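I'd like to ask you about the structure that follows.
Computed from heavy atoms alone, side chains included, the values below leave out hydrogens, waters and symmetry copies. Note that the structure is a prediction, hence the values are computed from the model and not measured. First the proteins, then the strands, lettered A, B, ... as listed; each starts at 1.
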2 protein chains.
Amino acid sequence: MLAVPRTPSLPADHPCASCDIRMRTFCSVLDAAELEKFRCQGSTARIEAGRPLFHQGDPADVIFNLKKGSLRLYKLLSDGRRQVTGFLFPGAFLGLAVRDEHAFSAEAIEPVEVCRYTRQRFDAFVEGHPLMERELYRIAAHELAVAREQMVLLGRKTAVERLATFLLSLLDRVREHEPGADLIALPMNRLDIADYLGLTKETVSRVFTAFKTTGLIRLLADDQVLVLDQLRLEQVANGEVTFH
Amino acid sequence: MLAVPRTPSLPADHPCASCDIRMRTFCSVLDAAELEKFRCQGSTARIEAGRPLFHQGDPADVIFNLKKGSLRLYKLLSDGRRQVTGFLFPGAFLGLAVRDEHAFSAEAIEPVEVCRYTRQRFDAFVEGHPLMERELYRIAAHELAVAREQMVLLGRKTAVERLATFLLSLLDRVREHEPGADLIALPMNRLDIADYLGLTKETVSRVFTAFKTTGLIRLLADDQVLVLDQLRLEQVANGEVTFH
DNA sequence: CGTCCTATTGAACAGATTCAATTACCGTGG
DNA sequence: CCACGGTAATTGAATCTGTTCAATAGGACG
């Protein structure tokens, strides 16, 4: 469908020992026995940094559960312009498309570990569990809300507001696991961030510098960002501060 | 939650005689008796042009089924910047949020007729119909795909590409009902279109003029657009033509 | 026919991009 | 441990697309 460079298919299967990251989400809707029945039907695969899980247009016959690492999801225009529609982190489900073809590409940003289920098997499992159906709907509706929030960012926010918003969303995610944390990992590069925020990598870089020199953040080694002034970052994200 | 001007609540109820536009969609998953059971539990309301159905932050306790007219959905930033996240046309469902508060506002663009169901009643109905659950998931997943396509438009397309894409999407919609048609109704004004495409009303106006003078479209009275050269409009939408 | 609102057009401006050059960083090998 | 090489990030300057502000034209309606 799209003329994008293909890499060979995923590495060979080996049994999945503990693919229960996302499964925990389903604990609330499935009893232990049912959960166990589904838990280890998948197989684990490791994917190295930069490698695709699938491309836009590929048949959507596999469901992924991201166990380790991070992914970028993106869509391409025919001339190569790219829009990153999202980043995925451990616990995320991927491949829940209704269509039989993927509408976007997924690539590993860092070395990744995923648990894979055939769509057939996943569908069969869901078939017998109406509450799973509801949970899937809940997930889709949440992603829809996130996507619409991103539409606001892309359509109406300035470069400075976009990056501030992005950093705060990453901070939120970190704090789900470590309340009070102020250190953000940035596994994706500037181009990824730019293509996610509808900017260029140069603009992203410049805004990072501006945030740094005004004392909002500190850029550390190993792709890490320390948030120094969350309050002002929030004001910047909401356009409550002119910033120049 | 948001300081937006409120208008009084919806006009008084009156019985719904034939709220079956969207119900047809569910025919595939419900038998006739079940469908009938749900069909007329709603009440019809008329809303005049410019009036809201609900605002961002309002409790999401009503489900709407759009029977006549068109709606704009939008989100506001605190300083008044607006992002229109979508336009709704007859047959559309609205209010299917998972959260208990609306994440966006909905306003009538033209005089509108909706069928309303209480969320409570709708949920109760869905509860007993697992296939409905699946259908709702299907709808949400489709809207998610549309939202991501719009992210590409907002993040990576030029003004000219955006408007061409928009016109073609409207043309698609028209042709679902009238194959081969080339006349598009534009009930929304330039500002609505601009806020949907992440542009200003002036830019939208300028691009309309450019499309007109290059023979792509003709602007007719009564907010109608005649598509004269669909092929070239598609090339423009896909950036295959420089256009200047 | 006049009023009001929307749409169009024009001209100056600004934010972000583009293109180019420099610097920083990281892994590798000596 | 340090020099080297390659990639990514940063910085600079010119350019450009789209915005802003302002004025004019058009259209619906009383």
Practice problem: Grab the CG-P distance between B:Leu163 and D:dT17 for me, whole Å please. | Solution: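 After rounding, the reported distance stands at 17 Å.
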Quiz item: Among C:dA7, C:dA16, D:dT20, which nucleotide sits nearest the side chain of B:Ser205?
Solution: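 Closest of the options to the side chain of B:Ser205: C:dA7.
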Quiz prompt | N-O pairing of A:Arg190 and A:Glu202 below 4.0 Å | solution =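 Salt bridge: no.
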Quiz item: Base, sugar-phosphate, or nothing for B:Ile193, non-hydrogen atoms under 4.0 angstrom?
Solution: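 Contact class for B:Ile193: none.
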Self-check item: Nearest-neighbour nucleotide for the B:Leu219 side chain, C:dT8, C:dC26, C:dA7 considered
Solution: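 So the nucleotide nearest the side chain must be C:dT8.
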Exercise. Measure from the side chain of A:Ala159, starting at C-beta and using heavy atoms only, and say which of D:dA22, C:dT18, C:dA16 lies closest.
Key: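 Looking only at side-chain atoms, A:Ala159 lies closest to C:dA16.
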Quiz item: What integer distance in Å separates A:Leu154:CG from C:dA16:C1'?
Solution: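 The answer, rounded to whole Å, is 15 Å.
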Quiz item: Between atom CZ in B:Phe208 and atom P in C:dT9, what is the gap in whole Å?
Solution: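 For the pair B:Phe208 CZ and C:dT9 P, the rounded distance is 13 Å.
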Quiz item: Which one, C:dA20, D:dT20, D:dA9, comes nearest to the side chain of A:Glu202?
Solution: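 Closest nucleotide to the A:Glu202 side chain: C:dA20.
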Practice problem: Please state how far atom CG in A:Asp223 lies from atom C1' in D:dT7, giving the value in whole angstrom units. | Solution: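 For the pair A:Asp223 CG and D:dT7 C1', the rounded distance is 13 Å.
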Exercise. Provide, to the nearest angstrom, the distance between the CG atom belonging to B:Asp192 and the P atom belonging to C:dC5.
Key: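 Value for this atom pair: 17 Å.
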Quiz prompt | Spacing of B:Leu186 atom CG relative to D:dG27 atom P, expressed in whole Å | solution =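 So the CG-P distance, B:Leu186 to D:dG27, works out to 16 Å.
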Exercise. Please determine if B:Arg72 and B:Glu110 form a salt bridge, counting it only when a charged side-chain N lies under 4.0 Å from a carboxylate O.
Key: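 Here B:Arg72 does not pair with B:Glu110 in a salt bridge, since their nearest N and O are not under 4.0 Å apart.
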Exercise. Measure the distance from CG on B:Leu199 to P on D:dT20 and round it to the nearest whole Å.
Key: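 Nearest whole value for this atom pair: 11 Å.
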Practice problem: With DNA chain C as reference, determine whether A:Lys157 or B:Thr203 sits nearer its 5' end, using the nearest nucleotide of each. | Solution: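 In this pair, the answer is B:Thr203.
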Quiz item: When only distance counts, do a donor and an acceptor, one from the side chain of A:Arg206 and one from the base of C:dG15, lie under 3.5 Å apart?
Solution: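 It does not, because no donor-acceptor pair links the side chain of A:Arg206 to the base of C:dG15 below 3.5 Å.
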Quiz prompt | Electrostatic pair B:Arg232:B:Glu240 at N-O distance under 4.0 angstrom | solution =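 No.
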Practice problem: Mind checking A:Asp222 for me? I need base, sugar-phosphate or nothing, with any heavy atom below 4.0 Å counting as a touch. | Solution: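 A:Asp222: backbone/sugar contact only, no base atoms under 4.0 Å.
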Exercise. Please state how far atom CZ in B:Arg156 lies from atom P in D:dG18, giving the value in whole angstrom units.
Key: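 That distance rounds to 13 Å.
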Quiz item: Taking the nucleotide of DNA chain C with the closest heavy atom to each, which residue, A:Val204 or B:Val204, is nearer the 5' end?
Solution: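 Final value for this comparison: B:Val204.
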Quiz item: Is there a donor on the side chain of A:Arg190 or the base of D:dT7 sitting less than 3.5 Å from an acceptor on the other?
Solution: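 Answer is no: no donor-acceptor pair is held.
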Exercise. Please examine the side chains of B:Phe87 and B:Tyr74, heavy atoms only from C-beta on, and report whether any two atoms are closer than 4.5 Å.
Key: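 No, too far: nothing below the 4.5 Å cut-off.
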Quiz prompt | Distance below 4.0 Å between A:Thr209 side-chain N/O and D:dT10 OP1 or OP2 | solution =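 No, A:Thr209 has no side-chain N/O under 4.0 Å of OP1/OP2 on D:dT10.
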Quiz item: With a 4.0 Å cut-off, would you call A:Asp192 and A:Arg82 a salt bridge?
Solution: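 A salt bridge is present here (some side-chain N lies under 4.0 Å from a carboxylate O).
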